[in-house]
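Worksheet for the structure shown next.
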Amino acid sequence: MGDEYDVIVVGAGPAGAAAALGARRAGAQRVLLLDRYDFPRDKACGDGIAAHALDVLAELGVTGAVDGYAPLPALRLVGPGGATVARALPRPAYTVPRQVFDARLVAAATAAGAELRRHTVRAVEVREDRVVLDGELAARAVVGADGAGSVLRRTLGHPVNPDRHLALAIRGYAPARPGPPEQLIVTSSPRWPAYAWSFPIGDGRANVGYGEVLRGESLTRAHLLDRLAALLPGTDPAAVTDLRAHHLPLSTHRPAPGRGRVVLAGDALSLINPFTGEGIFYALRSGALAGAAAADAPAFAARRYADALRRGLGTHLRHSSVAAWLARRRWVVDAAVRAARRDERVYRTVVELGLGDGRLDARTLAKIGAAQLGRSDAAPRPGAVDDAPPRH
C-alpha cells in the first residue's frame, strides 16, 4: 500500500475544495485533494457566484474568493411569454471565471493543510476499514466530488441522470451588453424548459450561454448556438470565445448521498438547481458537509452526511423540486415573473429558490395564481418596480 490518509477528496472544484476545507476544520490531519488537471484550469459554467455561496465560504474561513470582480446588484428575468421583471437582488451576485474562482478555493484548501495532487482515479476498492484508489492511495473515507461523470458515483452503482433530469448547456465569453450591470436570464418558449443567460464579468466581457433539459434526442452544437443567438439577439455566436458544452445533472433525480465510507457531493450527487441550473452554492454546502462527515466518523460517513444534508438542504430541495414540477408549465413561469414584477416579496422568494436555499410559501403561490388570472395587470401599487432597469 502507498500513501494513507484520513480523507481523500476526488475532484478539486468547489465541492472538492469545500470538502477538503471541511475535513481539515473537523480535525482530519491528512487530507488529500485529487484532480485530473493542474490549476488554474477552465471549467464550463455560468460563472455566477450568489451571495449564499460566499456565506458558506465565510463559514469555512475563506475570504477573497471574489476580490477584484464587480458586484452585480440586479437580475433581469424574462419569462417564456415575454413577461419581464428587473429588480435589485437581495444581496449582490458576482461573475468570476471558474479558472480564477476554483484556483482560489484550491489555494485556500492547501493553505489550510490539504495536500493537492494531480491524479486521475480509475479504480475504487471499498474495504472494511478503508477505501483504496488505484491500488496505491488509501483513506479512512473518500468524498466523491468528481462531477457529472463521477467515478465514485459509478462505484456506488448509480448511473447518470436519465432524460428530463439532465440538461445540456453551452457557455462562452462575449462582449458585455450595454447599460447598467445586471444578470440576465431569458427563458425560452420553444424547447421549454430552456433558457439563455448573460452574466457580465466587469472587464467588458460577459459569460453567455444556453441550456435545455434533455428529452431523449441528441442536441448539436449548432442547435445550442442557434438558440443562444435567438434568445440573446445582441450576441453574435461568431464573436463568442471559449465555447464549451457541459451536462447538468438536476437535483430532481438524486442518488443516495453515499454508502459507508464513500460520500458524494456537488454535481456527483446531482445537486444542480432544476429551476436555474445554479450549482456552486450546492457544491460548496454539500462539500463542506461531506468533508466534515468523512473526518468525524469515517466508518459511518454516509449516514452522518445524509443526516447533515437533510438538515441543511432537505426542505429546500423538496421545495425546489416542486417549483421545477410547476415550472414545466410555461404559463406558471410567466405568471411568476408578472407577480415578481409587482411584488418584491415574490421576487425575493423566486430568487431564493433559484440561487440559494429558499422555500415556496402559500403567499407566493397565491400571488402567482392571481397573476395568471389577470388580476396582476391592474395598476401597480405605489412603489412597485416596473420592468425598467433598477436605479443604482
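With salt bridges taken as basic N to acidic carboxylate O contacts below 4.0 Å, one links Arg177 and Glu182. Using a cutoff of 4.0 Å between basic side-chain nitrogens and carboxylate oxygens, Asp307 and Arg310 are scored as salt-bridged.
A donor-acceptor pair under 3.5 Å is absent between the side-chain atoms of Arg76 and the main chain of Ile185, judged by distance alone. Of the possible polar contacts, none joining the Ser286 side chain to the Leu284 backbone as a donor-acceptor pair under 3.5 Å is found. Side-chain N or O atoms of Asp267 include none that pairs as donor or acceptor with a backbone N or O of Ile272 at under 3.5 Å. No donor-acceptor pair under 3.5 Å is formed between the side chain of Arg24 and the backbone N or O of Val31. For Asn207 (side chain) and Cys45 (main-chain N/O), a donor-acceptor pair under 3.5 Å exists by modelled atom type.
His316 has its ring centre less than 6.0 Å from the ring centre of Tyr282.
For CD of Glu217, the number of neighbouring non-hydrogen atoms (other residues, nucleotides, ligands) closer than 6.0 Å is greater than 12. When the shell of 6.0 Å around CZ of Arg363 is examined, it contains more than 12 heavy atoms from other residues, nucleotides or ligands. Arg164 CZ: 12 or fewer foreign heavy atoms inside a 6.0 Å radius. More than 12 heavy atoms of other residues, nucleotides or ligands sit less than 6.0 Å from atom CZ of Arg91.
Considering CZ of Arg104 and CG of Asp102, their distance stands at 11.5 Å, rounded to 0.5 Å.
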After noting the C-alpha distance and the side-chain angles of Arg244 and Asp42, does the key distance pass the salt bridge (charged side-chain N to carboxylate O under 4.0 Å, His left out) rule? CA-CA 10 Å; Arg244 294 182 62 183; Asp42 187 23; 3.5 Å; yes
Under the side-chain hydrogen bond (donor to acceptor under 3.5 Å, both in side chains) rule, what do Arg318 and Thr315 come out as? Steps first, then yes or no, please. CA-CA 5 Å; Arg318 289 192 297 274; Thr315 300; 3.2 Å; yes
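For the residue pair Ser251/Arg254, the side-chain donor-acceptor check at 3.5 Å is not satisfied. With 3.5 Å as the limit, one finds no donor-acceptor pair spanning the side chains of Asp47 and Tyr69. Glu212 and His223 share a side-chain donor-acceptor pair at under 3.5 Å. Inspection of the Arg153 and Ser270 side chains reveals an N or O donor paired with an N or O acceptor under 3.5 Å.
Exactly one of Leu137, Ile8, Leu34, Asp146 qualifies for a side-chain contact (heavy atoms from CB on, under 4.5 Å) with Val121. That residue is Leu34.
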